[in-house]
Structure formats: C-alpha cells, structure tokens
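Read the structure below first, then the notes.
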Amino acid sequence: MEAPAAAPERSGDRIGALPDGVLEDILGFLPAQEAVRTCVLARRWRHLWKSAKALRVVGGDSKFLGSVKEIREFVDYLLLSRGGAPLDTFDLRFGNFGDFGFLGFSNEHFPSLKIWLWYAVTHKARVVRLRLHNDFEGRHALPELGGLRLVSKHLTRLELHGVGVYSSFSDFSSCPALEHLEFNKCEFKLVNKISSDSLKYLSISDSICGFYDSFCTHICAPNLVSLRLDEVYGGTPVLETMPSLVEAFVRIPELCLDQCKQWYANHWDCDCKSCDNRCNSGDGRDYYVLLKGLSESKKLALFSYPETYIFKRDLRCCPTFSKLKSLLLNNYWSEPDDLHALACILEHSPILEELTLHLFFEVPKNVEEMKGSPDPTELSADISEFLQTVKVKCEVFDEDVHNVLKFLHKLGIRFEQHGVLAEDGPGTT
C-alpha cells in the first residue's frame, strides 16, 4: 500500500504573492486609514496604498480619527501623498464627532471639501459619495458646493448627503456618463435647474429645494428612468418633460411652501390666488409642476397632505397617463367626499392595471388590506378596461373608508372583506 502523498507546503505570505493590481483592488475595500497602515508590513507594501482603486474615509461615530481636525488633516495628507494615481471610487462618510456640540458641519469644518471633490473627479473616479452627518433641526449652514462645475467623462454615480448646493454645481451637462444622482439632507440655494441629458436615476430626499414662493427649481433630465422626490421641503421642484420615465415616487411634505392659504376655510373648492401665483404661473391653468413631467411613467406613487395644492392645481388640466399600469395613492386623493382627485386621475389612466390606495397620511402600526376585483359586465367606461387589481389599505374600517369603497363600487369594482360589502356601512356584516 502506497503512502499518501504529502500535502503541498504552504507559503507564509499567500496574500503577498498576489499581483500588485489585485492588492490595490483589495486595499480599495478597506477604510483608507487601514489601507495606509499597510505601509509598515514590508518594503513592497510601502507605497501600494497610494494606488488603491478606491478611497473610503470614515470618521466620527466612535470610529478612526475622532475629531474634525484629525479627519481634515488626514484627508488633506492622503490626497497630497497619492499623487496622480487614478481612482474608481471616492467615498467620504463623516458621522458625529465628539469635539463639537451641535449636530452638523459647516464650511469652517471642511473648507477643503470642494478641493477633495475636484481631486476625485480629476482622477477619473466613476463613483463619488460625500456623506456628512447633518440634522436640519437647529442646523448651522451646510458645507457648500458652490462655484464648482463638475467636468468628467468618467463619473457615473454621485451621492451627496448633508451639503449645500449652488446653481453652478447643479449643471451636469459636462458629465456625459453620469446616470445615478442622489441628494439627501441637502439644501439647494438659488438653484434654477438641475440638468443632465445622461441621467437615468435621480433621488432627492429630506432636502430643501427653494426658499421663496416665486422661486422654483426645475429638473431637466429627458432620459430619466427612475425618479424619487421624497420629503422635499421649501418649494416643490418643477418637472420638465421625461419621455423615458418608467417609475416615480413623489411625496410632498406637510411643511412646505406650497400650501393653500385658504385651505382651512374653503377646502378643495377654493379658488384663491395663492394657488396660482407659484413661479409666476399666470392663472395656473396651463402650467404644470409635477403631473405633466410624470405623465409618461409606467409606475407611480403620489403622496401628499390636504393643505398642499400642487397636485390639486395640476389636476385642473390633468394630462393623460398613457403608459401608466401601476398607481399608488395616499389619502390625499380620496378627499373631499366627492373624490374628485381620484376620479380625475383614474379617468386619465387608460391602461391602468393595478390601483393601490393607502387611506392614511402616516403609516399606522396596524394596517388592514381589502382587495377588490373589477366586474367586467359593470365596469365603468370612465376607467381602464385593463384594470385587474385594486387594493385598499386602512387602519380601521370607518365612514371615510366606506365612502371610498362605495365610490369604487359605482365604477364596477367589487369588494368583500371580512363579510363587509362596499354597499354596506361600516360595521355591517
């Protein structure tokens, strides 16, 4: 019987045997502070970190470099030492630091922020993320990205969190490869237009987009496929034509400038001029803020609060949603009792297949769902003949919910949930 073959001898430094290019990729996955520390491993490692394909700097939140001064000096040294090595990803994430008492950063904390961003772009970075912890409650002025226009044929993704954006920065026409753009907790100061012909995905959330009733930020992205406007305070952005749009989520916050000044007195029937003066729109009857730009979408989610008038005014001359197949609406669309807004958007959605109604403004702890199905023999000619599924979600089955089900019943949509029929009142079995 032959003796078993001896196991091959293992090398003591298997990682060190990898080619430089592979090691540079690996170092790019480490926080930059850790990548720099590899310079003490051996002579070969002394300068490898300078060619790492990605720079990921994490500061604050009890991580490396616990003060603003330390992180600022580290990034300045890091970029100066790297020289001209190209980058693929540039990722700065700064959380809470323990050396100041307020919950945010300003220009005085990171005066070189624009220089850092310029470094990343000029070194061919495809992905750039700047995430600065900032809280709008009691905030100081945000670090600003003004006086800087991005020029890059490599940049494909840009994510900004907690910065102030000025007009010159929001023109991305010189970034022909840019497809993904995100703004979170940002301020847009006197930004007339966010423009890009290459952009496919745009998200603006928890941000301030305008400070005056008469000043509007326009979004010009004709090739946009996906749009998310979630809690954009100040003035709601104006959407220009988006013929390639596939899906959009829009939530207008309760605390915004676009509130009807007469709403509490006149509710939905008011004809006050405060709803018509936005952006010098004349009589408001041929001027759209959101719905015209969203009219090519296949999937829509539209949320708002009763006091805001943007959707209400856009509906005065409602566009046709000729491609829309899936529609999600909140309680805004089921008020007042005649459900005019809901009826209007259904009438202008000729190929709609799926309708979901959230009959609340804030998501409750307990949600009840009722499913309806169209009756082909009684389906109203005012709505899509392709409608297949209708879902209604609510917290409790009350008079308002019953009113919506009764309205849908008249359109030929039948509900039966827990023994409750649309034609019966709440509590009837």
* Can you sort out the partners of K292 under salt bridge (Lys or Arg N to Asp or Glu O under 4.0 Å), two or more places apart, ordered by chain and number? => none
* **By salt bridge (Lys or Arg N to Asp or Glu O under 4.0 Å) - contacts of E354 (at least two apart)** => none
* Asked: Heavy atoms, side chains only, cut-off 4.5 Å: are L145 and L113 in contact?
  -> yes
* Rounded to the nearest 0.5 Å, what separation is found between the CG atom of L224 and the CD atom of E247? -> 10.0 Å
* Asked: Charged N to carboxylate O under 4.0 angstrom, R131 versus E159?
  -> yes
* To do: Determine yes or no for a side-chain-to-main-chain donor-acceptor pair under 3.5 angstrom, with S207 supplying the side chain and C186 the backbone.
  => yes
* Structure fact -> Nearest heavy-atom approach of P364 to E395 is CB-CD, 3.6 Å
* To do: Mark yes when over 12 heavy atoms from residues, nucleotides or ligands other than K50 sit less than 6.0 Å from its NZ; otherwise mark no.
  => yes
* To do: Give the C-alpha distance, both sets of side-chain angles, the deciding distance and a yes or no for side-chain contact (heavy atoms from CB on, under 4.5 Å) between L158 and L150.
  => CA-CA 11 Å; L158 176 63; L150 294 185; 3.8 Å; yes
* Asked: Can you list the residues that meet the salt bridge (Lys or Arg N to Asp or Glu O under 4.0 Å) rule with D88, with sequence neighbours excluded?
  -> R126
* To do: Using the test side-chain contact (heavy atoms from CB on, under 4.5 Å), find all partners of K323 that sit at least two apart in sequence or belong to another chain.
  => E296, K298
* Please tell me if the side chains of V75 and S112 come closer than 4.5 Å, counting only heavy atoms from C-beta onward. => no
* Structure fact -> CD (E179) and CZ (F172) are apart, to the nearest 0.5 Å, by 14.5 Å
* Asked: Who pairs with Y201 by ring-ring contact (aromatic ring centres under 6.0 Å, His included), at least two apart in sequence or on another chain?
  -> H180
* Below 4.5 Å, heavy atoms only, C-beta onward: do F90 and L130 meet side chain to side chain? -> yes
* To do: Applying side-chain contact (heavy atoms from CB on, under 4.5 Å) between L357 and each of L327, N330, L342, report the one that passes.
  => L342
* Asked: Which pairs pass side chain to side chain donor-acceptor pair (under 3.5 Å) with one or both residues in residues 357-367, sequence neighbours excluded?
  -> Y305-E362
* For H409 and L405, indicate whether the former's side chain and the latter's backbone hold a donor-acceptor pair under 3.5 Å. => no
* **Heavy-atom check, side chain of L160 versus side chain of F169, under 4.5 Å** => yes
* To do: Would you name the heavy atoms of A120 and V128 that are closest together and state the gap between them?
  => CB-CG2, 4.2 Å
* Just by modelled atom types, is the C220 backbone N or O under 3.5 Å from a matching donor or acceptor in the S195 side chain? -> no
* **Axial cation check for F249 ring with R228, 6.0 Å and 45° limits** => yes
* More than 12 heavy atoms of other residues, nucleotides or ligands under 6.0 Å from CZ of F361: is that the case? -> yes
* Do side-chain atoms of Y77 reach the backbone of R72 as a donor and acceptor pair under 3.5 angstrom? -> no
* **For R82, salt bridge (Lys or Arg N to Asp or Glu O under 4.0 Å) partners two or more places apart** => none
* How would you list, by chain and number, every residue that makes a side-chain contact (heavy atoms from CB on, under 4.5 Å) with Q388, sequence neighbours excluded? -> none
* To do: Spell out, as yes or no, whether a donor-acceptor pair under 3.5 Å connects the side chain of Y332 to the backbone of T308.
  => yes
* Heavy-atom check, side chain of V232 versus side chain of P237, under 4.5 Å -> yes
* Mark yes or no for whether S152, through its side chain, and L155, through its backbone, hold a donor-acceptor pair below 3.5 Å. => yes
* To do: Scan residues 160-178 for pairs that pass salt bridge (charged side-chain N to carboxylate O under 4.0 Å, His left out), counting only residues two or more places apart or in two chains.
  => R149-D171
* To do: Could you pull out the closest heavy-atom pair between A343 and F407, with the gap in Å?
  => CB-CZ, 3.7 Å
* **Donor-acceptor pair, side chain of W333 and main chain of L302, under 3.5 angstrom** => yes
* **Residue pairs, two or more places apart or on separate chains, that pass salt bridge (charged side-chain N to carboxylate O under 4.0 Å, His left out) and touch residues 381-391** => none
* Rounded to the nearest 0.5 Å, what separation is found between the CZ atom of F321 and the OG atom of S384? -> 14.0 Å
* Rounded to the nearest 0.5 Å, how far apart are CG of L387 and OG of S373? -> 10.0 Å
* **Listed partners of S205 passing side-chain hydrogen bond (donor to acceptor under 3.5 Å, both in side chains), at least two apart** => N184
* Structure fact -> Here the gap from I204 atom CD1 to C209 atom SG, rounded to the nearest 0.5 Å, amounts to 5.0 Å
* Asked: Can you check whether L229 reaches I219 side chain to side chain, under 4.5 Å on heavy atoms?
  -> yes
* To do: Please report the closest heavy-atom contact between L359 and S334, naming both atoms and the distance.
  => CD2-OG, 3.8 Å
* Tell me, do R129 and T89 make a side-chain contact under 4.5 Å, heavy atoms counted? -> yes
* **Short side-chain to backbone donor-acceptor contact, T217 and V191, under 3.5 Å** => yes
* Asked: Between D314 and L290, what is the shortest heavy-atom contact and its length?
  -> OD2-N, 2.8 Å
* Under 3.5 Å: donor-acceptor pair, side chain of S81, backbone of L78 -> no
* **F303 and N331: CA distance, side-chain angles, deciding distance, side-chain contact (heavy atoms from CB on, under 4.5 Å) verdict** => CA-CA 8 Å; F303 295 169; N331 208 29; over 6 Å; no
* To do: Calculate, to the nearest 0.5 Å, the distance between atoms CD1 and CZ belonging to I71 and R93 respectively.
  => 13.5 Å
* Go through the steps to decide whether F183 and L181 satisfy the test side-chain contact (heavy atoms from CB on, under 4.5 Å), and finish with yes or no. => CA-CA 7 Å; F183 298 99; L181 181 60; 3.5 Å; yes
* Mind checking whether I383 and I413 have side chains closer than 4.5 Å, heavy atoms only? -> yes
* Stepwise side-chain contact (heavy atoms from CB on, under 4.5 Å) check, F360 with K393 -> CA-CA 8 Å; F360 40 76; K393 296 185 179 183; 4.2 Å; yes
* Taking the side chain from S380 and the backbone from G412, do they hold a donor-acceptor pair closer than 3.5 Å? -> no
* State, to 0.1 Å, how close L245 and G293 come at their nearest heavy-atom pair, and which atoms those are. => CD2-O, 4.0 Å
Report, one line per pair, each donor and acceptor closer than 3.5 Å where one atom sits in a side chain of residues 346-353; sequence neighbours left out.
unit_1: H348; atom_1: ND1; unit_2: C344; atom_2: O; d: 2.8
unit_1: S349; atom_1: OG; unit_2: I345; atom_2: O; d: 2.7

